[in-house]
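Every heavy atom of this structure was used, including side-chain atoms; hydrogens, water molecules and symmetry mates were not. Note that the coordinates shown come from a computational prediction; the quantities given were computed from them, not determined experimentally.
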Amino acid sequence: MTGEQAPWSRDEFVRRLRAVGEARYHDRHPFNQRMHSGDLTRAELQLWVANRFCYQQAIPIKDAAIMSNCPDPAVRRRWVQRIIDHDGREEGEGGLEAWLRLGEAMGVERTALVSGCWVLPGVRFAVDAYVTFCRTRDWLEAAAASLTELFAPAIVSARLAAMLTHYPWIAPGGLQYFRNRLREAPRDAEHALALVTERSTTRAAQERAIAAVEFKCDVLWAVLDAVQAGRLPWTPQ
């Protein structure tokens with residue numbers, strides 16, 4: 001088509017995708033930086049773990065939305081592992097259960113986590129926006145939003161180290177979620193990156209993929225903005 005720009009090379013496309021994380025990923029958010037330096041209070045961490053669970057609950061839902069829009073059975077057979085990772089194959093397994101145990105290790109009852117009674121409006125709006133994005137956009141564009149996992153291992157490692165070093169009141173057994181993600185996130189990111197780079201065959205598709213990663217970074221940033229401005233509904237002992 002006249003005037004249509006040629007697609008970037010794979011290397012240039014990947015460079016631009018990674019550049020989004022270098023500029024906008026939530027490891028740069030002041031709340032995360034305070035977490036990693038050991039400066040958060042018990043109440044701040046408890047509010048974070050309760051509100052982040054709202055996001056964790058949405059992960060298998062958005063992945064199911066991506067699968068429902070994807071016509072390729074080979075992709076669906078690989079993508080379904082993400083749902084299994086979070087929901088588990090049996091009761092008491094998976095990432096959601098691991099996050100509930102993390103909350104308990106921080107002194108937050110699982111009934112409070114599951115009920116969502118501590119979830120702040122800004123967090124709920126951000127999470128709902130992400131799920132809606134994955135339900136209503138092309139499946140490849142929604143899959144591209146998951147490429148924030150390219151940047152996840154570094155922040156998960158920093159978070160695990162910070163909790164072990166600076167927050168000794170957190171029961172170490174509750175930190176298994178982070179250890180699991182150090183294995184799962186690189187695998188998921190490699191798969192999604194291969195899909196996005198192989199199937200985004202036009203410049204317009206590549207630009208949509210980059211915009212999707214930017215949107216996902218905004219979602220993660222908005223969650224932390226809300227938590228940073230919020231407060232617990234009670235005073236911890």
Side-chain angles (χ1 to χ4, degrees), residues 20-21 24-32 35 40 44-69 79-80 82-88 94-104 106 108-139 141-152 155-156 159 177-178 180-181 184-185 188-189 192 209 211-233:
V20 176
R24 301 172 67 155
Y25 193 53
H26 67 156
D27 59 339
R28 288 160 174 74
H29 195 284
F31 188 90
N32 271 335
M35 181 190 297
L40 294 183
E44 286 175 317
L45 271 173
Q46 289 177 332
L47 186 62
W48 169 78
V49 79
N51 277 270
R52 176 79 185 198
F53 187 64
C54 177
Y55 171 79
Q56 299 299 133
Q57 288 176 302
I59 292 174
I61 296 171
K62 66 88 178 174
D63 284 324
I66 292 170
M67 289 176 58
S68 73
N69 289 328
W79 205 270
V80 73
R82 295 166 176 256
I83 297 176
I84 295 169
D85 287 342
H86 280 83
D87 286 347
L96 292 178
E97 174 62 26
W99 196 273
L100 289 169
R101 293 174 185 173
L102 173 64
E104 290 174 326
M106 291 186 177
V108 182
E109 294 181 0
R110 68 171 53 210
T111 54
L113 292 168
V114 172
S115 71
C117 62
W118 291 8
V119 176
L120 299 160
V123 171
R124 199 176 299 282
F125 277 122
V127 171
D128 286 351
Y130 183 36
V131 173
T132 298
F133 182 93
C134 293
R135 282 176 172 157
T136 59
R137 300 298 182 98
D138 178 81
W139 74 268
E141 190 177 350
S146 74
L147 285 173
T148 50
E149 287 176 319
L150 289 168
F151 325 122
I155 195 172
V156 171
R159 188 169 288 160
Y177 174 85
F178 302 121
N180 293 344
R181 290 307 294 164
E184 295 163 353
D188 292 346
V213 180
E214 292 173 340
F215 168 76
K216 175 65 176 304
C217 285
D218 289 347
V219 167
L220 295 171
W221 199 276
V223 167
L224 290 177
D225 276 349
V227 173
Q228 182 168 260
R231 62 181 177 84
L232 278 174

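- You'll find the side chain of Asp27 stays beyond 4.5 Å of the side chain of Phe151, heavy atoms only.
- Between the side chain of Gln57 and the backbone N or O of Leu96 there is no donor-acceptor pair closer than 3.5 Å.
- Side-chain contact annotation: Asn69 with Arg135, donor-acceptor N/O pair under 3.5 Å absent.
- Here the side chains of Trp221 and Arg28 are in contact, with some heavy-atom distance below 4.5 Å.
- The salt bridge (Lys or Arg N to Asp or Glu O under 4.0 Å) test applied to Glu104 returns Arg110, not counting sequence neighbours.
- Every residue two or more places apart in sequence or in another chain that forms a salt bridge (Lys or Arg N to Asp or Glu O under 4.0 Å) with Arg24 is listed here: Glu214, Asp218.
- Proximity of Asp188 to Ser146: side-chain heavy atoms (C-beta onward) are nowhere separated by under 4.5 Å.
- Here the side chains of Ile83 and Met67 are in contact, with some heavy-atom distance below 4.5 Å.
- With hydrogens and angles disregarded, no donor-acceptor distance shorter than 3.5 Å links the side chain of Trp48 to the backbone of Leu40.
- Residues Asn32 and Met35 meet the side-chain proximity criterion, which asks for heavy atoms closer than 4.5 Å.
- To the nearest 0.5 Å, atoms CG (Leu47) and CG (Leu45) are separated by 10.0 Å.
- Taking the side chain to side chain contact (heavy atoms under 4.5 Å, CB included) definition, one finds that Gln228 meets it with His29, Pro30, Phe31, sequence neighbours left out.
- The nearest pair of heavy atoms linking Val127 to Ala58 is CG1-CB, 3.4 Å.
- Across Ala226 and Leu120, no two heavy atoms sit closer than the pair O-CD1, 3.3 Å.
- Between Asp87 and Pro60 the shortest heavy-atom distance is OD1-CG, 3.4 Å.
- Heavy atoms only, all atoms of each residue included: Leu102 and Phe178 are closest at CD2-CZ, 3.6 Å.
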side-chain contact (heavy atoms from CB on, under 4.5 Å) between Phe133 and Lys216, intermediate numbers included: CA-CA 10 Å; Phe133 182 93; Lys216 175 65 176 304; over 6 Å; no
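- Remark: Glu149 engages Arg82, Arg181 in a salt bridge (Lys or Arg N to Asp or Glu O under 4.0 Å) (not counting sequence neighbours).
- Remark: Asp63 pairs with no residue by the salt bridge (Lys or Arg N to Asp or Glu O under 4.0 Å) rule, at least two apart or across chains.
- For the pair Val20/Tyr25, no side-chain contact is recorded, criterion being any heavy-atom separation below 4.5 Å from C-beta on.
- Going from atom CG of Leu113 over to atom CD of Gln46 covers 10.0 Å, rounded to the nearest 0.5 Å.
- In terms of the side chain to side chain contact (heavy atoms under 4.5 Å, CB included) criterion, residue partners of Ala222 (sequence neighbours excluded) are, by chain and number, Ala126.
- Nearest heavy atom pair, residue Ala185 against residue Ala152, reads CB-CB, 4.2 Å.
- Proximity of a side-chain donor or acceptor of Ser68 to a complementary backbone N or O of Ala65 within less than 3.5 Å is detected.
- For the residue pair Tyr177/Gln56, the side-chain donor-acceptor check at 3.5 Å is satisfied.
- Among all heavy-atom pairs drawn from Trp118 and Asn51, the shortest one is O-ND2, 3.1 Å.
- Between Tyr130 and Cys134, the closest side-chain pair of non-hydrogen atoms falls below 4.5 Å.
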Applying side-chain contact (heavy atoms from CB on, under 4.5 Å) to Arg52 and Leu220, what does each step give before you reach the verdict? CA-CA 10 Å; Arg52 176 79 185 198; Leu220 295 171; 4.1 Å; yes
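- Side chains of Phe53 and Val108 form no contact here, defined as non-hydrogen atoms less than 4.5 Å apart.
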